[in-house]
Protein chains: 2
Amino acid sequence: MLSKKTKYAFHALTYLAENQEKGAVLIQEIASSKNISHKFLENILLELKKAGILGSKKGKGGGYYLIKKPEEITLAKIIRLLNGPIAWLPCVSLNYYEKCADCVDEATCNMHLIMCQVRDQTLAVVENKTLSDLISKTTDKQYLKY
Amino acid sequence: MLSKKTKYAFHALTYLAENQEKGAVLIQEIASSKNISHKFLENILLELKKAGILGSKKGKGGGYYLIKKPEEITLAKIIRLLNGPIAWLPCVSLNYYEKCADCVDEATCNMHLIMCQVRDQTLAVVENKTLSDLISKTTDKQYLKY
DNA sequence: CATAAAACCTACAAACTAAGTAGGGTATGC
DNA sequence: GCATACCCTACTTAGTTTGTAGGTTTTATG
């Protein structure tokens, strides 16, 4: 299951994507809008910044903002960053590979093969879905254009 | 990631499947063969028994044995039993459904839809793979038939 | 029937991870 | 130069996973 941290990250990113015209947005604004603890969200946004997904501005009028287009931010990237490996076993993880303690030979391990399939099927979805797929298409703002 | 409990369960089931001709097998035999703590494995086998996958015999000459054909035991069943939900969110779980705390409307939630896809892709693998796919096809025993 | 073997069951302990909190440091705008 | 708001480190709390302890019940066998 996805951790709260991961879910909070998606909520925050969605908020930022839907409010890009505002420029820098306060942590507090996101936190109260999405019902997330201010300090906990602070840590999450910092991680997203260090990963090159968000930019920030300090001092009065500061806040966080997207530095990539929503369609360039894959769900896989966010999940890996905040939730950890997508694979079910360390020995089939593309980004967090580790040799299995008990497994003698990966090449002949039947489990290994199947877990690769699971990983690839999952990636087929989350590598091809982006933040833009999470944005609600019918916000008030969009209607105002007409 | 799969828990140790889940991995141990697969190891134990594989052992039992590869040694069906032995009849009842001692916990201790499986534990030492697969390097699992006896008492921990005891709990796992008990769960598998309660789920109707294993049978047991008490007393001298007792032990555990499969009561289903390996090809009838899907990986999904084992994973759900010992690892919990396969889905990434409670609101898309088929066997452990729970309403999302924060989600207002599942029908219009974009996350919901994507997570359903992830779940279905995963299930496409693990509902169609069974214990028989984990059994090594080249054991000594098999060669002895010729 | 006595004994030993082996599963059954409940409860607990230790280790690890996730979630959240505290408090001060640093850059920025006015 | 002061208020603002992000930055950073460390800590606490809560929950889960992993493993252990110790006794109970059932069964084969001499």
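Chain letters run A, B, ... following the sequence lines, proteins first, then strands; residues in each count from 1. Predicted, not measured: the structure shown is a model, and the values here were computed from it.
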Query raised in the report: What nucleic acid atoms does A:Leu26 come within less than 4.0 Å of, heavy atoms only: base, sugar-phosphate, or nothing?
Result: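 Sugar-phosphate, backbone atoms only, no base.
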
Query raised in the report: NA contact type, A:Lys7, heavy-atom cut-off 4.0 Å: base, sugar-phosphate, or nothing?
Result: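 No contact.
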
If I take atom [atom1] in residue [X] and atom [atom2] in nucleotide [N], what distance separates them, rounded to the nearest angstrom?
X       : N      : atom1 : atom2 : value
A:Gln28 : D:dT4  : CD    : C1'   : 13 Å
B:Lys39 : D:dT24 : NZ    : P     : 13 Å
B:Phe40 : C:dC9  : CZ    : P     : 18 Å
A:Ile44 : D:dC8  : CD1   : C1'   : 16 Å
B:Leu48 : C:dC8  : CG    : P     : 12 Å
A:Tyr65 : D:dA5  : OH    : C1'   : 13 Å
A:Glu29 : D:dA5  : CD    : C1'   : 13 Å
B:Lys57 : D:dT25 : NZ    : C1'   : 16 Å

Report task. Verify, without hydrogens or angle tests, whether A:Asp133 (side chain) and A:Thr130 (backbone) share a donor-acceptor contact under 3.5 angstrom. Result ->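 Yes: the side chain of A:Asp133 pairs with the backbone of A:Thr130.
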
Query raised in the report: Is there a donor-acceptor contact under 3.5 Å from the side chain of A:Arg119 to the main chain of A:Val92?
Result: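 Side chain of A:Arg119 to backbone of A:Val92: a pair is present.
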
Does a nitrogen or oxygen in the side chain of [X] sit under 4.0 Å from OP1 or OP2 of [N]?
X       : N      : answer
A:Lys4  : C:dG20 : yes
B:Lys5  : D:dT18 : no
A:Ser56 : D:dC7  : yes
B:Ser3  : D:dT18 : yes
B:Tyr8  : D:dG19 : yes

Requested in this report: For B:Tyr8, check ring pair (Phe, Tyr, Trp, His ring centres under 6.0 Å) against everything at least two apart and list the hits.
Outcome: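 Here the qualifying residues are B:Phe40.
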
Requested in this report: Confirm from the modelled atom types if B:Glu42 and C:dC8 form a donor-acceptor pair under 3.5 Å, side chain to base only.
Outcome: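 Under the 3.5 Å cut-off, the side chain and the base do form a donor-acceptor pair.
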
Query raised in the report: Out of D:dT9, D:dT4, C:dT10, which has the shortest distance to the side chain of A:Asn43?
Result: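 Nearest listed nucleotide: D:dT9.
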
Report task. Among B:Leu48, B:Ile78, B:Ile67, find the residue that satisfies the side-chain contact (heavy atoms from CB on, under 4.5 Å) test when tested with B:Ile73. Result ->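 One option only clears the test, and that one is B:Ile78.
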
Query - Carboxylate-amine/guanidinium proximity below 4.0 Å for A:Lys77 and A:Glu127 - result: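 No, no charged N to carboxylate O under 4.0 Å.
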
Query raised in the report: If each of A:Lys58 and A:Asn83 is mapped to the nucleotide of DNA chain C with the nearest heavy atom, which maps nearer the 5' terminus, i.e. the 5' end?
Result: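 Final value for this comparison: A:Asn83.
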
